[in-house]
Amino acid sequence: MKPNWLIAVPRPLRTLLTYSSHLIEQPIQAGCRVIVPLGHSRSLGLAIAEAPPSDQENYALKPIHTVVDETPLLDEHLLGLLQWAARYYHHPIGDVIFTALPVALRDGNVLPDNTLWRVISQTDAALKLKRAKRQHALYQALIEQPEREWNAAALRHVAGSNWREYVQGLIEKGLLESYLPSQTQYSDYALQTAPKLELNEAQQTCLAQCRKWNQSDTLQPILLQGVTGSGKTEVYLRLIEDQLAAKRQTLVLVPEIGLTPQLLQRFIQHFPHQTIVCLHSGLNDTERLNAWLQSRSGEASIILGTRSAVFTPCAALGLILVDEEHDGSLKQQEGFRYHARDLAIKRAALLRIPILLGTATPALETLHNAERGRYHHTHLLQRANHAQPPRFEVQDIRGHVLQAGLSHHSLQAIRATLERQEQVMIFINRRGFAPVLLCPNCGWQAMCEACDTQMTFHAHKSRLICHHCSADRLTDNHCPACHHPQLQTQGLGTERIELNLRQHFPDTPVIRIDRDTTSRKGALQQRLEMVQKHEHLILVGTQMLAKGHDFPNLTLVVVLEADQSLFSAEYHALERFGQLITQVAGRAGRAQKMGQVILQTTQPHHPLLLTLLEQGYTVFAKQLLNERQRWRFPPFSYQALIRADALTMEDALNTLQQFHDLLAECPEVQLFGPIPAPLEKRAHRYRAQLLLQCTRRDQRHHYLQFLTSKEKNIRNPKGVRWSIDVDPVELT
DNA sequence: AGCACGCCGACT
DNA sequence: GTCGGCGTGCTC
């Protein structure tokens, strides 16, 4: 008797479906895709496990139609992780399983035959061909070198700074088929020289601790808290070396695509002979599939990726590193709302392999776990190379006239820094020219038609853009309400700061780095290169600048309007504020050059601000944790947010009220709401939320389970959509 | 999410 | 008399 199988199908179902395998000749393996009849048509599905034998008659079961894959796409561990995640996040299993697959393997619901498998085989073949070509090209480029091994720095030595011309010459002479990895994302970084650093004493101690912990039988996640510039990456590199020596892979998760080139460059320089693959949103489907296949086969020894990379199958995974573990972008904010850091921890636990979380500013829940002894905790407190920590200065701007958004004092400091041939960074977390465009005559404001918010004025193309739905329209200077000929802007954005600074310092290059100037492929890299070229310049940018980038000649950071979050109603805002300020400040000063940070604020005496600046992030964070404990907020309680959106606020609230009523009598659940979301209307839809809070994790799980079991009983007015967000980090 | 079934309004 | 609107309910 052939076994029945549990199959995940890409539908919003919270259960697996059982199919018979009696039409299939070969034994089925878990992790293979199958084609199954579903309703009145066919669908792609993924085989999860054999169904436990049951008394039920099998006559009702439909048969699996085809097995698509010869070898499983996902291994047992990953299947386990994904099923765990579907339960933990109360998200439909099929959706969870299929978001873990690369898009190239996800589509084509109804397939008459094995077309998909053929696509994969061709890709595999194309991949091998491409690699062979590249290796041939490299061999030719370096054929005169005594050792015929390719090293990232080698070509630089052969060709010097004119390497592009050199390679072009080789191509013209027919000695080289094409540029070396020129089309691949790591072309330009590979050719910079790599100084191999000795570990300083602190790094050595830290590394030794990590190694000791990683060899223990009882593995715990390690929190590596290292101030900016303390050389966390060097520790990562040695830990990866350990894995390479043991022929094991390392998975490295980074919060955003912007950070991958930096780290990738370090990895390539350090491990020029290893296959390193990247998985991030900038790849097309084929590139992503290739990287995924290389990781699955074990050919890639280092896998670097953003949050969805946590699901990448690895033939021999030995270590997971989560860089900037506090970063909010590790949490998926739509659909299957998972936290990549938390899933990475779970994955490491299932595999019984070590995991290391690195950051200068741990998330409060991580710090709490470390304090409670659930995580190991190691520190790198000193900047490497004897660099001094930056000097903070609170600039009270109440009653001050600002020029270009900057106080007189800030402008003086900028001028002095530029005169020393050093670089300045102006940080403001708002892109565009100004957040408000209004009529001085009648008070009209440019509002988004789809959202409950003002539109941001972008001077560049004289457009109004909604930062919530990306709606976009031209504007002239006339008020559409009263025809007044001169609209006014109010407030500051990066564009305006850039323009003002250009006028103020006409002889200094001003470079703006935000999403608008870096959306083109390679634009960020190009701008970062400009920063390397110029000795003195002014950088203007958003939080993109706060993360990871190394600017050796930058000595002054001016932070504008950061104190907004001191008044935010959201309890996460303060935590993020502390992290952002600390990260931004970390950009200032290196080696012998003392860094200076000026914070312009209207709240110079705010106690938490002073704690942060005078006693540092950890003390600040512990104070916030005390607050959280007093108010029984996470991590001292467990939350889930049920969100709903609809064509009217009434409908959205009504749906949530039904959820509310289901739990109203439960003493173990605290309910807040339903209430309209802080941003009431977004993209023509009205949004509401219901917050659910329990003192124990298992209670939360139990009640969410209860709610989803009653899903069918909820009467949704037309067009209502709702979803569950477990461990929410943003309440917008 | 699809997809079909089903029960009421304007069409050749 | 039918075509089709999208509300409702199911998918092993």
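Being a predicted model, the structure only gives us computed values, none of them experimental. Naming: A, B, ... by sequence-line order, numbering from 1 per chain.
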Return the orientation label for the A:Tyr571 and A:Phe633 ring planes: parallel under 30°, perpendicular over 60°, tilted otherwise.
->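 Ring orientation, 0 to 90° scale: parallel.
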
Please work out which of the three classes, parallel, tilted or perpendicular, describes the rings of A:Tyr338 and A:Phe336, given edges at 30° and 60°.
->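 A:Phe336 and A:Tyr338: tilted rings.
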
Does A:Lys718 make a side-chain N or O approach to OP1 or OP2 of C:dG7 shorter than 4.0 Å?
->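 For C:dG7, OP1/OP2 do not have a side-chain N/O of A:Lys718 under 4.0 Å.
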
From the options B:dA1, C:dT8, B:dC3, select the nucleotide whose nearest atom is closest to the side chain of A:Arg11.
->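 Of B:dA1, C:dT8, B:dC3, B:dA1 is nearest to the side chain of A:Arg11.
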
Once you round it to whole Å, what is the distance between [atom2] of [N] and [atom1] of [X]?
X: A:Glu711; N: C:dC10; atom1: CD; atom2: P; answer: 12 Å
X: A:Asp95; N: C:dT11; atom1: CG; atom2: C1'; answer: 15 Å
X: A:Leu17; N: C:dT11; atom1: CG; atom2: C1'; answer: 6 Å
X: A:Lys2; N: C:dC12; atom1: NZ; atom2: P; answer: 21 Å
X: A:Asn713; N: C:dG9; atom1: CG; atom2: C1'; answer: 13 Å
X: A:Leu16; N: C:dT11; atom1: CG; atom2: P; answer: 15 Å
X: A:Leu44; N: B:dA1; atom1: CG; atom2: P; answer: 18 Å
X: A:Glu50; N: C:dC12; atom1: CD; atom2: P; answer: 21 Å

About how many Å separate CG of A:Leu253 and CZ of A:Arg341, when rounded to the nearest 0.5 Å?
->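 It is 11.5 Å, given to the nearest 0.5 Å.
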
Residue met sooner reading DNA chain B from 5', once A:His40 and A:Leu13 are mapped to nucleotides |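 The answer here is A:Leu13.
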
State which residue, out of A:Asp342, A:Asp725, A:Asp727, A:Asp95, fulfils the salt bridge (Lys or Arg N to Asp or Glu O under 4.0 Å) condition with A:Arg337.
->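 In the set A:Asp342, A:Asp725, A:Asp727, A:Asp95, the residue that makes a salt bridge (Lys or Arg N to Asp or Glu O under 4.0 Å) with A:Arg337 is A:Asp725.
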
